[in-house]
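For reference, the structure discussed in these notes is given below.
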Protein chains: 2
Amino acid sequence: MTHSEENYIKAIFHLGSQGEEVISTNAVAERMETKPSSVTDMMKKLSEKGLVHYKRYQGVSLTALGTKTALSIIRKHRLWEVFLVEKLDFTWDEVHEIAEQLEHIESEKLIDKLDELLSFPKFDPHGDPIPGKNGEFIERDNQLLSQIPIGSSAICVGVKDSSAVFLRFLDKNNIALGNKMKIVEKEEFDNSLRIYIDQRELNLSQQIASNLYVKMIKL
Amino acid sequence: MTHSEENYIKAIFHLGSQGEEVISTNAVAERMETKPSSVTDMMKKLSEKGLVHYKRYQGVSLTALGTKTALSIIRKHRLWEVFLVEKLDFTWDEVHEIAEQLEHIESEKLIDKLDELLSFPKFDPHGDPIPGKNGEFIERDNQLLSQIPIGSSAICVGVKDSSAVFLRFLDKNNIALGNKMKIVEKEEFDNSLRIYIDQRELNLSQQIASNLYVKMIKL
DNA sequence: TATATAATTTAGACAAATCTAAAAATATGT
DNA sequence: ACATATTTTTAGATTTGTCTAAATTATATA
Ligand SMILES: [Mn+2]
Ligand SMILES: [Mn+2]
Ligand SMILES: [Mn+2]
Ligand SMILES: [Mn+2]
């Protein structure tokens, strides 16, 4: 498989996990930052290789083989991200770009040895689950901070938007995975939240709150 | 730079270190396992980018920029090889192929951090010197075992042929970098050598002896 | 349901990296 | 020095991944 083919497979997988089962040509084009006509061409090729189900005008979805392939690429991507943070002291906002390159390195043994070196991590630096050799992985609690009731306490377990800008915003406000927070109040006007985190009081806009995954806890 | 361009630059560099200053189109083609016509096309492109000196029918050589580029790729290649052996327990016959892929990953910071993780190694698993950030590197003793006088003692410091077949042959005969050996006799008929290594007596064909780099030592 | 709008595909083009076959330049040997 | 052999380049084709513009199909709306 070429890098480009792998990137399309990954894009379809991610769009698929985000809700719909069948993905539109335009959705793939937007995510890949290419033109819809290029997507059509690629879908024909991936279809011939048995990686996607595709009928013209009907959208696209991954076959079992396509899903397996996607999980393997995502496994590589996320293991490399852990490596960069744990072994090379990169920050969580720096690793994605490099992992985009490293995910295409071909060597089953390499990735298994890397997994071992990192002590078989289950989550990447952004809290995303790392698929195992056979594609199995732990579903993370996918509750958003914006969705939990006022008064509850929760632990930060992941980010929905893992862009460098958002991650650096979190750093600046000392919000990290594992932090415990309590929702004090929701402002009716703009749905912003007032929370306690790490002995501090913080105001988070609705946009921030809807990009933080949390796990509710009892006190 | 594309992977292909980088591989051509590296090939020209290696051919250049092997003796001649100006490299022929055919030599590049043979090393890259491509056709001479493909080389001509690529030389025009690299020439326009200022990486090689090229005039038609006159062969090719690296510019200062080309040499710098080559050294950077070789630095990455060899650091990754050390990583694979030191951190992931690969054997020296397994690493070259994977390093061929990893050498094209783009990130200055990545490679500097890797260098640090590995404690700034000066040689790769095959005894080849690792260029530093600024292209400087330690010249290894490039004396071949086949060239040193009978009766002398030497330490094995590198391999000229680093193909997996040759490396596994060395493993099988317990010949490793750092081993001390003494040349006992050279057979006139086929130039094979009888040596002492590690308390053992061993017979090495001329072909073997002319692919092992050694450093002479006094007893 | 007819029509307008949006999504998707097709047709044709292009750049990159390769190839084969033929032409041109260079090197070699007597 | 001349003929021959070798090397190198050119010309034209192919594959991959992309694009634009036009045609087609599907969807939404009045
Ligand atoms: Mn990532
Ligand atoms: Mn990618
Ligand atoms: Mn190597
Ligand atoms: Mn390479």
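Predicted model only: the values in this text are computed from it and were never measured. In what follows, every chain begins at residue 1, and chains take the letters A, B, ... in the order their sequences are listed.
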Mind calculating the distance between [atom1] ([X]) and [atom2] ([N]) to the nearest angstrom?
| X | N | atom1 | atom2 | answer |
| --- | --- | --- | --- | --- |
| D41(B) | dG12(D) | CG | C1' | 12 Å |
| E5(A) | dT18(D) | CD | P | 10 Å |
| M42(B) | dT9(D) | CE | P | 14 Å |
| L46(B) | dA16(C) | CG | P | 12 Å |
| K44(A) | dT16(D) | NZ | C1' | 15 Å |
| E48(B) | dA15(C) | CD | P | 13 Å |
| Q58(B) | dA25(C) | CD | P | 13 Å |
| M43(B) | dT8(D) | CE | P | 12 Å |

* When only distance counts, do a donor and an acceptor, one from the side chain of Y57(A) and one from the base of dT9(C), lie under 3.5 Å apart? -> no

* **N/O donor-acceptor pair, side chain S37(A) with base dT20(D), under 3.5 angstrom** => yes

* **Selected nucleotide, minimal atom distance to R56(B) side chain, candidates dT10(D), dT18(D), dT26(C)** => dT10(D)

* When you get a sec, tell me which of dT20(C), dT9(D), dA26(D) is the closest nucleotide to the side chain of K35(B)? => dT20(C)

* Can you check whether S4(A) has a side-chain N or O nearer than 4.0 Å to OP1 or OP2 of dT18(D)? -> yes

* Asked: Taking OP1 and OP2 of dT8(C), is either one under 4.0 Å from a side-chain nitrogen or oxygen of Y54(A)?
  -> no

* Mind checking S38(A) for me? I need base, sugar-phosphate or nothing, with any heavy atom below 4.0 Å counting as a touch. => base

* To do: Run the salt-bridge test on K133(B) and E108(B) with the 4.0 Å N-O cut-off and return the result as yes or no.
  => yes

* Asked: Of the non-hydrogen atoms in G132(A) and R75(A), which two are nearest, and what is the gap between them?
  -> O-CD, 3.5 Å

Do [X] and [Y] get their side chains close enough for a donor-acceptor pair, meaning under 3.5 Å?
| X | Y | result |
| --- | --- | --- |
| E100(B) | H96(B) | yes |
| H53(A) | Q58(A) | no |
| H77(A) | D124(A) | no |

* Heavy atom of residues 23-33 of chain B under 4.0 Å from DNA chain D: which residues? -> S24(B), T25(B), N26(B)

* Rounded to the nearest 0.5 Å, what's the gap from CG on L193(B) to CD on E187(B)? Could you check? => 10.0 Å

* Side-chain donor/acceptor of D161(A) to backbone N/O of S163(A), under 3.5 Å -> yes

